[in-house]
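Just so we're on the same page: letters track the sequence lines, and every chain starts at 1. In what follows, every heavy atom counts, from backbone to side chain, and hydrogens, waters and symmetry copies are set aside.
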10 protein chains.
Amino acid sequence: MLYQVEMTVLLPADMDEAQAAEIKAREKAYAQDLQCQGIWRHLWRVAGSYSNLSIFDCRDNAHLHEVLTGLPLYQWMKITVAPLCRHPSSIHEDDR
Amino acid sequence: MLYQVEMTVLLPADMDEAQAAEIKAREKAYAQDLQCQGIWRHLWRVAGSYSNLSIFDCRDNAHLHEVLTGLPLYQWMKITVAPLCRHPSSIHEDDR
Amino acid sequence: MLYQVEMTVLLPADMDEAQAAEIKAREKAYAQDLQCQGIWRHLWRVAGSYSNLSIFDCRDNAHLHEVLTGLPLYQWMKITVAPLCRHPSSIHEDDR
Amino acid sequence: MLYQVEMTVLLPADMDEAQAAEIKAREKAYAQDLQCQGIWRHLWRVAGSYSNLSIFDCRDNAHLHEVLTGLPLYQWMKITVAPLCRHPSSIHEDDR
Amino acid sequence: MLYQVEMTVLLPADMDEAQAAEIKAREKAYAQDLQCQGIWRHLWRVAGSYSNLSIFDCRDNAHLHEVLTGLPLYQWMKITVAPLCRHPSSIHEDDR
Amino acid sequence: MLYQVEMTVLLPADMDEAQAAEIKAREKAYAQDLQCQGIWRHLWRVAGSYSNLSIFDCRDNAHLHEVLTGLPLYQWMKITVAPLCRHPSSIHEDDR
Amino acid sequence: MLYQVEMTVLLPADMDEAQAAEIKAREKAYAQDLQCQGIWRHLWRVAGSYSNLSIFDCRDNAHLHEVLTGLPLYQWMKITVAPLCRHPSSIHEDDR
Amino acid sequence: MLYQVEMTVLLPADMDEAQAAEIKAREKAYAQDLQCQGIWRHLWRVAGSYSNLSIFDCRDNAHLHEVLTGLPLYQWMKITVAPLCRHPSSIHEDDR
Amino acid sequence: MLYQVEMTVLLPADMDEAQAAEIKAREKAYAQDLQCQGIWRHLWRVAGSYSNLSIFDCRDNAHLHEVLTGLPLYQWMKITVAPLCRHPSSIHEDDR
Amino acid sequence: MLYQVEMTVLLPADMDEAQAAEIKAREKAYAQDLQCQGIWRHLWRVAGSYSNLSIFDCRDNAHLHEVLTGLPLYQWMKITVAPLCRHPSSIHEDDR
C-alpha cells in the first residue's frame, strides 16, 4: 500500500559538525536499506530545499509509522503523509 | 527532468453530466497517451479526494507548461508544481 | 486499518429542498449500512457545525477511497483524511 | 459529554534523555489510568507523527480542562479541542 | 456550561430584500427569546463587520448544537465554537 | 467602551519555577484589581489551553493599551484585540 | 479616537455598469462628506489593488460601526479594523 | 511618495535590560529625527501590541529601504510594506 | 523605479469564448505596448499556471497603479506588488 | 532555463559580528561570480526586508539545486522556487 511522504529537515545551525555528519551517514544507510527492501519506493530531492518527496510501500499504517519514526533524522524533521491508491487512468501496473 | 505536480479537480456541482463525462473521457485518453510516451511517469490518486499526485518527466519548464495547460480539465484544476532532482541517497537510477 | 476522516457539508443555500432531502436520506442510509458492516466505526457531530468526525476501518487506502467517493453528499463535501494506528499507551484492544 | 482532542508533542531535541523518559513514563501511566476510568475513551496515534487523536468523555468543560492540564507532557504540547455530540445518523448508542 | 461562539453572516448581495428582512426579523426574535431564557448570555457586535461575539450557557454540547442550528440565519453563517470554563483569577461568580 | 481580548501565555519550558510563580501571583493580583474596578469585565479560561477570553471596558484605545501592556505576563503573551459595540438584538442593557 | 481601517472592494464582474457607477458615485460623496467632517481623517489607495488604507477618528466603537456600515459599497467589501493610539515616539500632536 | 509600513518588535524576553533601554532610546531619537524631516509622516501605536502603523514619505524604494534598515531595532522587527498613492475620493491634498 | 508584480488570471469557466478571446487580444496588445515603452521590463510565465511574474519600471506608485488598473484583464486578476531596489551585490547596472 | 527564486535571510541576532561579516563577504563573492557567469541573471532587493528576488538561468533542476545549496548563507535562508518559461506576450527575446 502506497503513501506520499514529504520530509523537511531542520537541523539547528549550531549543531556539532561531527554529530551532524554521523546522523546523516546513518540516515543514508537507513534510507538505502529500506529502498533495497522495496519499502521506500521513490526518493526525490525537492530542488533548492533540504526536503524530499518520497513514496513508501508499507503493509499498513502501523508499518508506515514504525518506518518513519525509525529515521535517524526523525526528531529534526517536519513530515506530512497522504495515503495513495491506484488512479483509474494509470497505465503503470506497479503504481497501485 | 522531473517535476512533482499535484492536481485537484473542482467541477461545478451543476455541470451537465454528458459534458462532464465527455471531458473526463478526453482527460483519460490524454493522460494515458502521455504515460505511454514516458512524459507522465507516475499518476496516483490521493485517497478520499478528487486529487492526484503525479511525476512528470519533461524536457524543460516550457514543455511542462505546454503539457499541463493541454489537460482537458485544466480550467477546473488547482495545480501546484515543484521541480525535483536526484536525491543523493537514492539507489533508483531512474529517479534522477 | 483505521483512518480519521473529517467531513464538512457545503450545500448551496438555494438548492431545491426536495432534492436536498432526497440526497440526505440516501446519505443516512449509506452511513448506517456502513456502520452495520463495521466499516464506519464511529460517527460524531462537531457541535455547532455541519461537520462530522468519523473513524473508518478499511482494508486499505483503495477501500477507503471507494467508500468515501460513494457518499451521496460527496461532491458537496470538504474532506480531510489522516491514517491512524495503535497508540502505545492505549488499553483499548480494538483501537488498533 | 464527548470532546475531540488532538495533541502534538514538541520536546526540545536537546532534552535530557533520562528526564524525557521519566516524563513519558508518567504520561503513559496517567493516560492508562484515565482510560481505565472511562474518561479517555479513545486514543490513536496519527501515523508518521508524534501526535494523537483522542476522544474524552468529561462531565463538563471544566473537567476537560482539569484533565488536559494535568498531562505530564502538557507544557510541551500543542492541543486543539472540539466539542462533539451525537450524530443523527449514528447507530452506535455509545457515540453520544 | 459556557461556550464562546463567533458568527459571521454572509448573505448573498442579490438576496431578495423582503426575504432578507423576514429572515432577520425571525433571527432577532429567536436571539431575544434565548437571551430571555438565559441561554444566550452575551451578544456583542464586532465593530465594522456583520459578525458577533456571543457567550452561550447550555446544558451540554448537544444543547449548544441544537440552539445554533436553529438560528434562522444558520445556513448563511460561518461559526466558530470554543468551550469555556471558570478562570482561576476571575472574581465574577457567574463567569463559571 | 468594550473590547474583546484573547490572550495566550507562552512561558519558556525552562523558566525558573520561583520566578514563574512570582510573575503569576502578580498577574492574578493585577487581574483581580482591574476586575474590582470594573475595567476587566469578564475573564474566562478557554478549556484545554493556557488562554483566556476577556472583555475589557476602557475609556478609549489608549486606556486599553495602558491596561494590557501593564500585565505582568505581557511579554510572554500573544494578544488579539477586537473593538465591540452594542448588538441591535441584545436585550442586556449592560452589553453596550 | 483613531482606528486603522483597510477596505477591499469585490464587485462581481457581471454587475450592471450603470448600477456600479451609481453606487460608486454615492460612495465618493459619502467619503468626501465624512472627510469634510474630520471623521475620515486619511484615505489612501493601495497601489495596484481596489483597496484603501484609511484612518478614522470616531467618538467610540459604536460610532465607527455606524460609519462603516453606512458605506454604499459596504456589502461588497472585506474590512479589517485595528484600534490605534498615540505612539510614545510621535512628534505629531494630532496623531493621538 | 508614500508607503504604508507596519512594524512589530520582537525582543527576546531575556535581553539585557540596559542594552534594551539603550537601543530603544536610539530608536526614539531616530524616529523623531525622521519625523522632523517629514520622512516619517505618521506613527501610531496599534492598541494592545508592540506594533506600529506608519506612513513614510520617501524619494523612492531605495530611500525607503535605507530608512527602514537604519532602524536601531531593525533586526528584531517583522516589517510589512505596501506602496500607497492618492485616492480619487480623497480631499486631503497632502495624502498624495 | 522597479516593482515585482505577480498576476493570476481567474476567468469564469463559463465566460463567452469570443468575449474572452477579445479581452485576451487587448491584454496582449496592452502588454506589448508597455514593454516597447520600457515600463513593463520583464514578463515571464509561471510554469503550469495562468500566472505571470513581471517587473515594472514606473515613475512612482501612482504610475504603477494607473498601469495595473488599465490592464484589460484587471478585474479578473489577483495581483500582488512588492517595491524593489538595487541589491548591493548586483553587478547588473540596469537592475537598479 | 529560468527559475524565480526568493530568499529571506534569518541570521540569529546574537551571531558573532566577525563571523557574520565573513559569511556575507563570501556570499557577495559567490553571487557576483554567478552573475558574471550568467547563471544568476537578476538580483533585486525587496525594499524594507532582508530578502531578494532573483532569476536564475540553469541547465536543469539539479543545477539549480547545486547552485542554491552552495550559497554561503544557505542554512540561514528561507527559499522558495518557481519554474518559469517564456510568456506568449513577451517581446523580450531573452526572457525565455
Side-chain angles (χ1 to χ4, degrees), chain E residues 1-9 21 23-58 60-61 64 71-73 77 80-96, chain F residues 1-9 21 23-58 60-61 64 71-73 77 80-96:
Chain E
M1 205 165 53
L2 303 187
Y3 299 88
Q4 170 185 6
V5 179
E6 303 193 58
M7 312 175 194
T8 298
V9 182
I23 298 172
K24 288 177 188 176
R26 277 196 289 126
E27 179 82 13
K28 185 169 192 166
Y30 184 86
Q32 295 193 330
D33 178 49
L34 285 166
Q35 288 174 81
C36 290
Q37 292 180 52
I39 293 169
W40 198 326
R41 284 176 70 126
H42 296 287
L43 170 57
W44 293 282
R45 174 66 79 210
V46 180
S49 71
Y50 196 176
S51 303
N52 69 61
L53 166 67
S54 293
I55 306 296
F56 282 84
D57 185 1
C58 292
D60 54 23
N61 296 339
L64 176 73
L71 289 161
L73 282 167
M77 279 177 169
T80 61
V81 171
L84 299 177
C85 54
R86 187 167 177 78
H87 193 286
S89 299
S90 174
I91 64 166
H92 301 298
E93 282 311 308
D94 201 37
D95 283 348
R96 57 201 134 103
Chain F
M1 205 165 54
L2 303 186
Y3 299 87
Q4 171 185 3
V5 179
E6 303 192 59
M7 311 175 196
T8 298
V9 182
I23 300 173
K24 287 177 188 176
R26 278 196 288 126
E27 180 82 13
K28 185 168 191 167
Y30 184 86
Q32 295 194 330
D33 178 50
L34 286 166
Q35 288 175 80
C36 290
Q37 293 181 53
I39 292 169
W40 199 326
R41 283 178 70 130
H42 296 288
L43 170 57
W44 293 283
R45 173 66 76 210
V46 180
S49 72
Y50 196 176
S51 303
N52 69 62
L53 166 66
S54 293
I55 307 294
F56 282 85
D57 185 1
C58 292
D60 54 23
N61 296 340
L64 176 72
L71 288 160
L73 282 167
M77 282 178 167
T80 62
V81 170
L84 300 176
C85 53
R86 189 169 175 77
H87 193 286
S89 300
S90 173
I91 64 167
H92 301 298
E93 282 311 307
D94 200 37
D95 284 347
R96 60 201 132 102

Of all heavy-atom pairs between F:Lys28 and E:Ser89, which one has the smallest distance, and what is that distance?
->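 Looking at all heavy atoms of both residues, the closest pair is CG-OG, 3.4 Å.
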Considering all heavy atoms of both residues, which atom of E:Ser90 and which atom of F:Gln32 are nearest to each other, and what is their separation?
->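 Minimum heavy-atom separation between E:Ser90 and F:Gln32: O-NE2, 4.4 Å.
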Between chain F and each of E:Ala31, E:Ala47, E:Ala29, count heavy-atom pairs under 4.5 Å; write down the option with the most.
->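 Ranked by contacts with chain F, first place is E:Ala47.
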Between E:Arg96, E:Arg41, E:Arg86, which residue shows the highest count of heavy-atom pairs closer than 4.5 Å to chain F?
->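 That would be E:Arg41.
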Quick one: pull up CD1 in F:Ile55 and CG in E:Asp95 and give me the separation to the nearest 0.5 Å.
->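 Spacing of CD1 (F:Ile55) from CG (E:Asp95) equals 9.5 Å.
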Rounded to the nearest 0.5 Å, what separation is found between the CD atom of F:Gln4 and the NE2 atom of E:His42?
->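 Between atom CD of F:Gln4 and atom NE2 of E:His42 there are 12.5 Å.
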Any donor-acceptor pair under 3.5 Å linking the side chain of E:His92 with the backbone of F:Leu43?
->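 It does not hold such a pair.
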Region of E:Leu53 that comes under 4.5 Å of a non-hydrogen atom in chain F |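 The answer is the side chain of E:Leu53.
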